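Here's the structure we're looking at; comments come further down.
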Amino acid sequence: MPNAYISGTGYYVPPTIVTNDDLVETYGVETSHEWIVKRTGIEARRFAEDGVGTAELGFEAAKDALASAGLTISDIDMIVFATLSPDYAFPGSGVLMQRMFKVAELETPKFIPALDVRNQCSGFLYGLATASSMVQSGGCKHVLLVGAEKHSAALDITTRGRTVSSLFGDGAGAVVVSATDEDRGMRKWTLGADGRHAEELCQKVWDTSKRPFITLDENGNGIVPPEDMFANMNGRLVFKNAVEKMIVALWEICSDQGIGPNDIDMLFFHQANMRINQYVQKQLGLPDEKVMHNIDRYGNTTAATIPILLAEAERDGKLKPGMKVAMVAFGSGFTWGAALVDW
Ligand code: UT7
């Protein structure tokens with residue numbers, strides 16, 4: 001059985017920076033820089049321009065990851081695209097991104113399979129477990145795994161929606177997961193879900209238990225009330241469960257490998273809230289230099305947070321071959337996951 005390792009990392013964030021003060025001054029949200037920073041650690045986020053969708057953000061990150069792996073799209077056997085903000089209800093953003101690579105128009109067309117993963121903040125780790133398993137099974141040599149979000153299109157950037165909208169930003173990260181005979185790469189992943197809390201962090205938009213799935217007005221046009229159109233979140237419940245589940249998941253992967261948290265060289269947290277991550281870090285007794293953050297600059301980019309962090313850490317020279325790297329995430333579903341990789 002080959003090992004599966006991350007052979008390339010990449011990321012893309014749109015150029016427009018939206019600071020906390022911009023939320024107040026440009027969007028008229030009754031909030032403050034102090035409130036947001038104190039509760040979450042977020043100072044700014046990026047918003048993609050009109051006309052740019054999630055697949056396009058993913059495409060930019062994917063090109064970066066391929067270049068970093070020294071591969072071209074023709075080397076890729078499968079695309080896994082993790083997002084909670086897909087361009088359309090269907091088809092998935094994976095096929096839209098595949099189309100941007102024009103692989104079906106090559107002299108020798110390549111119809112790379114594309115799988116969308118819908119596991120929100122844990123999407124990248126669900127995708128990493130899937131991609132690694134595909135590689136370890138021998139079914140694929142190289143899998144392109146993307147986490148991308150265009151949140152700004154579906155945020156209620158008003159005082160009514162401030163609890164959610166002040167947290168999220170746009171961005172994309174990508175990795176290539178490749179086969180190797182070397183003794184490195186994925187050591188252990190764990191995933192979990194607790195569907196009892198499905199509606200505690202949820203954006204319904206429609207409801208297929210009703211016919212039609214969206215209420216129609218007298219002219220036959222769909223009406224989506226704000227409580228369905230935008231995400232709702234029970235922030236305190238998410239906070240409490242995130243802390244609990246992330247600690248358990250990290251202990252699980254460490255004990256499986258016979259190591260303690262102190263043996264981790266770098267820990268990459270999903271970037272939802274700086275306070276959640278600091279609490280978990282303290283419980284595990286990890287020093288600051290082993291933990292990377294970028295929530296201050298990008299906010300919560302959901303499926304993209306961990307791959308953006310990996311790419312930034314690699315470019316900064318902080319992530320080096322041989323390091324023991326842990327990743328952990330928690331989010332809507334509730335879903336969670338953790339992974340331990342020898343870089
Ligand atoms: O990837 C997973 C995604 N989500 C998370 O991980 C989120 C986890 N939870 C959290 O990070 C925190 O619960 C929040 C940062 C979202 C909220 O902090 P909180 O201390 O739990 O605040 P709260 O929701 O209980 O709201 C307290 C007050 C409310 O006002 P009233 O009702 O007490 O008058 C809110 O309306 O803070 C108000 N508030 C705000 N005020 C200024 C909520 N959002 C804002 C805001 N600016 N952006």
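Note that the structure is a prediction, hence the values are computed from the model and not measured. Just so you know, ligand 1 is whichever comes first in the structure, and atom 1 is the first atom listed for that ligand. Side chains included, hydrogens not; waters and symmetry mates left out as well; all remaining heavy atoms used.
- Here is the list of ligand 1 atoms found below 4.0 Å of a heavy atom in Gly235: 8 (C), 9 (N), 13 (O).
- Using a 4.0 Å threshold on non-hydrogen atoms, atom 9 (N) of ligand 1 counts as touching the protein.
- At least one N or O atom of Asn273, backbone or side chain, sits closer than 3.5 Å to an N or O atom of ligand 1.
- Against a heavy-atom cut-off of under 4.0 Å, Thr40 is close to the following atoms of ligand 1: 15 (C).
- Within the 4.0 angstrom cut-off, atom 21 (O) of ligand 1 has one or more protein heavy-atom neighbours.
- Side chains of Thr301 and Arg45: a donor-acceptor N/O pair is absent below 3.5 angstrom, by distance only.
- For Asn234, the side chain to side chain donor-acceptor pair (under 3.5 Å) test picks out Glu200, with sequence neighbours left out.
- At least one heavy atom of His270 lies less than 4.0 angstrom from ligand 1.
- Residue-ligand proximity, Asn300 to ligand 1, at heavy-atom distances under 4.0 Å covers atoms 1 (O), 3 (C).
- Checking atom 31 (P) of ligand 1 against the protein gives no heavy-atom contact under 4.0 Å.
- Put simply, atom 13 (O) of ligand 1 has protein non-hydrogen atoms near it, under 4.0 Å away.
- Judged by distance alone, with hydrogens and angles left aside, the side-chain atoms of Asp316 form no donor-acceptor pair with the main-chain N or O of Ala313 at under 3.5 Å.
- Atoms of ligand 1 found under 4.0 Å from any heavy atom of Ser166 (numbered from 1 in listed order, with element): 48 (N).
- Ion pairing between a basic and an acidic side chain is recognised when a charged N comes within 4.0 Å of a carboxylate O; Arg187 and Asp342 show such pairing.
- Contact annotation: the side chain of Asn300 never approaches that of Gln271 to less than 4.5 Å [non-hydrogen atoms, C-beta and beyond].
- Protein heavy atoms come within 4.0 Å of atom 42 (C) of ligand 1.
- Under the 30°/60° scheme for interplanar angles, the aromatic rings of Phe59 and Phe101 are found to stand perpendicular.
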